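To keep things clear, I will list the structure first and then write my remarks on it.
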Protein chains: 2
Amino acid sequence: MTNTTLKLLAQQLQLSISTVSRALKDHPDISASTKAKVNALAQSLDYEPNAYAIQLRTQSSKILGVIVPAISNLFYDSFIAAVEEESRNNGYAVMILQSSHNPENELSNLKIFRQNRVSGVFACLSSSTENLEVYQKMNEREIPVVFFDIVPKDNRFTKVRMADERCAIMAAENIIKRNAKKVLAIFGDEGLSITQKRKSAFQKFMQDFSPKTHCSFAHAASTKEAEEIMKKFADKKQKVDTVFCMTDEILIGVMRKIQELQIKVPNEIGVISISNGFIPNLYYPHISYVETSGHELGKLAFIQMMANMKGGKTLTELTVDAKFVEGGSM
Amino acid sequence: MTNTTLKLLAQQLQLSISTVSRALKDHPDISASTKAKVNALAQSLDYEPNAYAIQLRTQSSKILGVIVPAISNLFYDSFIAAVEEESRNNGYAVMILQSSHNPENELSNLKIFRQNRVSGVFACLSSSTENLEVYQKMNEREIPVVFFDIVPKDNRFTKVRMADERCAIMAAENIIKRNAKKVLAIFGDEGLSITQKRKSAFQKFMQDFSPKTHCSFAHAASTKEAEEIMKKFADKKQKVDTVFCMTDEILIGVMRKIQELQIKVPNEIGVISISNGFIPNLYYPHISYVETSGHELGKLAFIQMMANMKGGKTLTELTVDAKFVEGGSM
DNA sequence: ATAAAAATATCAAACGATTGCGAAAAAATT
DNA sequence: AATTTTTTCGCAATCGTTTGATATTTTTAT
């Protein structure tokens, strides 16, 4: 069965294609009676405009692209969900591609986006992306790019991200409030700017406001690594009394060890993390965390995208503020 | 900056558009030298074919649609990830829309898919979807629809799903093996066929092979509900010694209560669930589970899609088999 | 040297929709 | 009744690509 087209409608109604087209879009040139007829037939024949023809003619697609390292991720999936929702409400469809943290995939994804003439892309850099030229070119082609979460340092681009420094500082605040003596702070992948930001902010704040607190720093790129780090520190004689986890992956590893060794939270050890809240609430007591909401970030990103598409380039870096959620683990 | 087109290339090279087009696709009609020239210029001008023009001309898009109740879900996100991966490797892009379990959204999503002339759709029914007519129409338009996870009973459609009965039976087997006396089995949304299947298979198996085991059945549509159910049953005098959780949401609720009440797993209570493994492995001891892999299902769905698109309709119902993963909670 | 075959490149018509411009018909004005 | 205005609609070009048919040139065979 072939799709209904304007031509088909026109033939059946003995009208010209242009009249049918105009009738369908409620153009003032067309009489009410014709409109009625056209609409009726379109309805009964299940007419749906061919988006491809429209885009070809109007040179503007109603598709937005999203590149994430992985869809299957507690943070990114909520970001995607938010973007999808906003997009649909605004007449856009979303095309989602994952880079798997591989710059090559990132490139081929971008290619697909270009072929499909997406009218904008949301991009989260993969950890090893060095070359931003492609993105620069997109901007030159007037395809707005909004970076999120893992963003380039380069300030030629529009970016939205969590208030990373604030997150880290809020965590530090609560660690100090708890009166911690020996802190283990586990951060994520050392190469990412997001890690750097969080770490240096954390470090500085602790230094400035509680210089006597002893802090050990570690990096874990996976749950497994976090688990091992936790193990090492739990084995030591002078145990740490508070552990900070920069990501969900880290928290999971840490909690596995804590449960296994039956360390009491919060009495023997305090735990605090940065998260969207899903993982922290799995445990009892709930883990206290600084909230970073993929959902909020998605909404903000969409707003930025619309702004970029409408008017002049707004090359700003917006941040979603964080808030502390008391769980019971501190 | 405007996009490079065939026309532009042709002008610069003093060739006809058709020659350029053929050169780019390595058509035997074109000489090697011409091809070289064309390719060189195309490269330097960053030529990317306009997917819209191609689709318009060839009447076939390289886009697949996916409808899920929610992207932000441990099962669906891995399904999506798998489909996306397979798709990209086969030259397809994926458009993802979420229904939020709302039939209206489902409908408008389908509309978007039609407008974009997707060449196939993967659909997971929202819990309250009654009217399958739209899907039937898609099939009539020769747009293959592959249902996954929550599938229609109707056998006019192609479906892939987990081996739901097997899952439930495997869980039951292990409950019997544990020598459970009092079992609490919590199932999901009563309206879903997936729930029905799992429940009746579970029920029958327990009845047939261990009629003396006392089973209490309950339904929970959310984590919160599961938590309350668990609370009720933990308070009782004659405590249950084994609890079965049909979904991750339920497991999470149950585990919250168990941790809160400090019930010892597996000594005081055995826990078993159906899951993709992520959640069960968060706890210590790891929860034993029957594995249902969204990733596997996604791959299977893609294969079915390709089969449907290539050849004759293969209206079959395929299932991904389950396997039991020993955690330590039984 | 001439006809036949092979190689190379071009023409032109689609695909489905939009839209400026002009034309015919109907209504309003003089 | 003649003219102007308004309403209603059609013509045709265009977006970028593909592709069957055709034209031109080169090579090979006779």
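Letters go in sequence order (proteins before strands), and every chain restarts at 1. Keep in mind it's a predicted model, so treat the numbers as computed, not measured.
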Please give, in whole Å, the distance from [N] [atom2] to [X] [atom1]?
X     : N      : atom1 : atom2 : value
A:H27 : D:dG10 : NE2   : C1'   : 13 Å
B:L24 : D:dT19 : CG    : P     : 14 Å
A:Y52 : C:dG16 : OH    : C1'   : 13 Å
B:Q55 : C:dA14 : CD    : P     : 19 Å
B:N3  : D:dC15 : CG    : C1'   : 12 Å
B:L13 : C:dA9  : CG    : P     : 11 Å
B:I17 : D:dT14 : CD1   : C1'   : 12 Å
A:L9  : C:dA17 : CG    : P     : 8 Å

B:Y92 and B:E84: CA distance, side-chain angles, deciding distance, side chain to side chain donor-acceptor pair (under 3.5 Å) verdict: CA-CA 8 Å; B:Y92 286 85; B:E84 191 277 337; over 6 Å; no

It should be established whether [X] places a side-chain nitrogen or oxygen under 4.0 Å from OP1 or OP2 of nucleotide [N].
X     : N      : value
B:Q59 : C:dA14 : no
B:K25 : D:dT17 : no
A:S16 : D:dC9  : no
A:T58 : D:dC15 : no
A:K7  : C:dC15 : yes

Residue B:L15, side-chain heavy atoms: nucleotide from D:dG16, C:dT10, C:dA17 that is nearest: C:dT10

Residue B:T19, side-chain atoms from C-beta onward, closest of C:dA9, D:dT17, C:dA17: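 Ranking C:dA9, D:dT17, C:dA17 by closest atom to the B:T19 side chain puts C:dA9 first.
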
Touch class at under 4.0 angstrom, heavy-atom based, for A:S31 against every strand present: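 The answer is sugar-phosphate, as A:S31 gets under 4.0 Å only of primed atoms, P, OP1 or OP2.
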
Centroid-centroid distance, B:F157 to B:F147, less than 6.0 Å: yes

NZ (A:K197) with more than 12 external heavy atoms under 6.0 Å: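 Enclosed: over 12 neighbouring heavy atoms sit under 6.0 Å from NZ of A:K197.
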
A:K299 atom NZ, neighbour heavy-atom count above 12 within 6.0 Å: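 No, not enclosed.
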
First of A:L56 and B:Q14 reached from the 5' end of DNA chain C, by closest nucleotide: B:Q14

B:Y76 and B:F148 aromatic ring geometry - parallel, tilted or perpendicular at 30°/60° bounds: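 Plane angle over 60°, so perpendicular.
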
Parallel, tilted or perpendicular: ring planes of B:F122 versus B:F302, cut at 30 and 60 degrees: parallel

Contact letters for nucleotides 20-28 of chain C, in which S counts primed atoms plus P, OP1 and OP2 and B counts the base, heavy atoms under 4.0 Å: BB-------

Working for salt bridge (charged side-chain N to carboxylate O under 4.0 Å, His left out), residues B:R161 and B:E317: CA-CA 8 Å; B:R161 57 177 183 85; B:E317 174 163 16; 2.5 Å; yes

